[in-house]
Amino acid sequence: MEHWTRIDHSITVQEAVDFVQSPASGGIVTFTGTVRNQTQQRPVLKLFFECYEPMALLEMEKIVRAAKEKWPVQRMAILHVKGEKLPGEVVVVIAVAAAHRAAAFEACQFAIDTLKETVPIWKKEFFEDGEVWVAAHP
Amino acid sequence: MEHWTRIDHSITVQEAVDFVQSPASGGIVTFTGTVRNQTQQRPVLKLFFECYEPMALLEMEKIVRAAKEKWPVQRMAILHVKGEKLPGEVVVVIAVAAAHRAAAFEACQFAIDTLKETVPIWKKEFFEDGEVWVAAHP
Amino acid sequence: MRVLLFGIMKEIAAAGTLDIAEPLPDVGQLRAWLLQQYPAMKHLRSVMVAVNRAYAPDGQPLAPGDEIAIIPPLSGG
Amino acid sequence: MRVLLFGIMKEIAAAGTLDIAEPLPDVGQLRAWLLQQYPAMKHLRSVMVAVNRAYAPDGQPLAPGDEIAIIPPLSGG
């Protein structure tokens with residue numbers, strides 16, 4: 001298996017690196033997204049992630065295929081959480097292994113940029129005085 | 001402490017991410033370098049890393065300062081191993097946390113590129129039939 | 001026709017799935033029907049439709065048994 | 001004058017440190033002296049000199065008590 005896509009309650013950067021690492025790869029680049037403790041100066045109490053899980057996994061696989069067509073990358077992992085998350089907790093991890101580090105950097109950045117645009121996952125922010133689905137309104 | 005530089009016998013990406021992560025950061029980018037099992041088709045048995053340790057740590061700190069001048073990054077970790085390493089083992093980890101992921105990607109790539117040019121560390125490759133200090137000769 | 005709703009769409013419709021009796025032959029007509037039923041939809045930044053777990057343009061025909069989902073603005077990652 | 005050697009320079013000189021009695025007033029003259037003592041140095045891709053843990057140009061004067069290191073081509077990372 002050359003790639004790994006997963007949606008779960010808890011994920012770590014270490015498991016993503018362990019998956020993509022191999023004695024043939026020279027460099028691994030990861031992106032880890034965490035819950036910020038505020039949005040525009042308003043303290044965030046928690047987040048809730050809702051996923052259209054089967055389609056989200058398919059879209060993650062499309063990202064892997066597109067990245068492998070564009071860059072000479074070896075193994076990739078795309079992990080995303082679902083459910084409730086507190087500030088500081090990990091919500092997304094992308095790991096890319098390649099023989100040459102420039103390809104790994106470019107493919108990892110492409111993967112997180114594309115994930116935010118195409119993978120059906122929604123985030124609700126909870127504040128002291130209310131809650132909002134992020135980016136829903138202009 | 002907003003940055004962490006370290007030279008040790010064993011390092012992990014997880015400890016670098018744990019250090020740079022904070023509830024104020026939105027994204028963390030890491031680069032992890034591992035020992036490849038071959039160099040130009042010759043199987044590599046092991047590597048040996050020699051460090052001019054006090055100067056290497058100073059040069060790592062210069063990289064952190066330069067990155068923080070160029071990009072709005074929050075916390076950085078630069079870890080490198082010394083001593084013997086086998087194929088697949090981690091030799092360098094760089095982690096960068098930033099509010100915006102583009103800055104984290106650029107600063108991380110800058111840091112590994114600069115480390116290879118300025119930090120006084122030397123790598124010896126051991127093959128079945130000999131050993132060589134990498135890049136010593138043209 | 002069975003339609004899955006997510007995120008803010010689930011709140012607007014006060015339901016996670018809709019069973020629509022009205023015959024709606026393509027994605028565009030489903031979208032128009034939803035807008036009429038749930039006027040709050042027009043305040044959303046965007047709404048996409050997925051058919052059988054892939055994004056579908058307005059012209060795409062809908063068949064009985066398709067898995068249809070309404071995709072409000074994404075915010076994963 | 002005490003000089004630290006690393007990597008391939010340690011093997012070329014067969015020593016990790018050199019104690020040089022010769023008076024060598026600057027980095028350039030230290031470099032010339034080393035090249036004369038260890039002709040194999042000229043096959044190296046590059047040799048830098050560090051004084052007090054910072055890279056130093058050939059014109060930099062050397063003082064007693066300076067920590068001097070010979071830096072062959074780097075290969076960390």
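In what follows, chains carry the letters A, B, and so on, assigned in the order in which the sequence lines appear, proteins first and then strands, with residues in each chain numbered from 1.
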Student: Once rounded to the nearest 0.5 Å, what's the spacing between atom CG of L74(C) and atom CD1 of I121(A)?
Tutor: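 Reported to 0.5 Å precision, the distance equals 8.5 Å.
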Student: If you measure from CD1 on I8(C) to CD on E50(A), what distance do you get to the nearest 0.5 Å?
Tutor: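 One finds 11.5 Å between CD1 of I8(C) and CD of E50(A).
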Student: With a 4.5 angstrom heavy-atom cut-off, could you sort out which part of K116(A) is near chain C: side chain, backbone, both or neither?
Tutor: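 K116(A) touches chain C through backbone and side-chain heavy atoms alike.
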Student: Below 4.5 Å, heavy atoms only, C-beta onward: do K124(A) and E11(C) meet side chain to side chain?
Tutor: yes
Student: What part of W122(A) is in contact with chain C, defined as an atom under 4.5 angstrom from a non-hydrogen atom: side chain, backbone, both or neither?
Tutor: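 Both parts, backbone and side chain.
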Student: As an exercise, state the distance from OG of S46(C) to NE2 of H137(A), rounded to the nearest 0.5 Å.
Tutor: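 It is 11.0 Å, given to the nearest 0.5 Å.
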Student: Within a strict 4.5 Å, meaning less than it, do heavy atoms of the E67(C) and M55(A) side chains meet?
Tutor: no
Student: Taking every heavy-atom pair that is under 4.5 Å apart, which of V132(A), V119(A), V91(A), I94(A) has the most such pairs with chain C?
Tutor: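 The option with the most such pairs is V119(A).
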Student: In terms of heavy-atom pairs under 4.5 Å, which option from G76(C), S75(C), P73(C) contacts chain A the most?
Tutor: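 Sorted descending by pairs with chain A, the first entry is S75(C).
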Student: Side chain, backbone, both or neither: which part of V134(A) has a heavy atom under 4.5 Å from chain C?
Tutor: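 Both the backbone and the side chain of V134(A) come within 4.5 Å of chain C.
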Student: Any side-chain to backbone donor/acceptor pair from R53(C) onto L58(A)? Under 3.5 Å, distance only.
Tutor: no
Student: Given heavy-atom pairs under 4.5 angstrom as the criterion, report whether the side chain, backbone, both or neither of E59(A) touches chain C.
Tutor: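 Looking at E59(A), just its side chain touches chain C.
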Student: Can you confirm whether more than 12 heavy atoms, excluding those of R45(C), are under 6.0 Å from its CZ atom?
Tutor: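 Enclosed.
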Student: I need the Y52(A) OH to I70(C) CD1 distance, nearest 0.5 Å.
Tutor: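 Rounded to the nearest 0.5 Å, the OH-CD1 separation comes to 10.0 Å.
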Student: Where does I12(C) contact chain A at under 4.5 Å (heavy atoms): side chain, backbone, both or neither?
Tutor: neither
Student: Check this for me: H43(C), atom NE2, are more than 12 non-hydrogen atoms of other residues, nucleotides or ligands nearer than 6.0 Å?
Tutor: yes
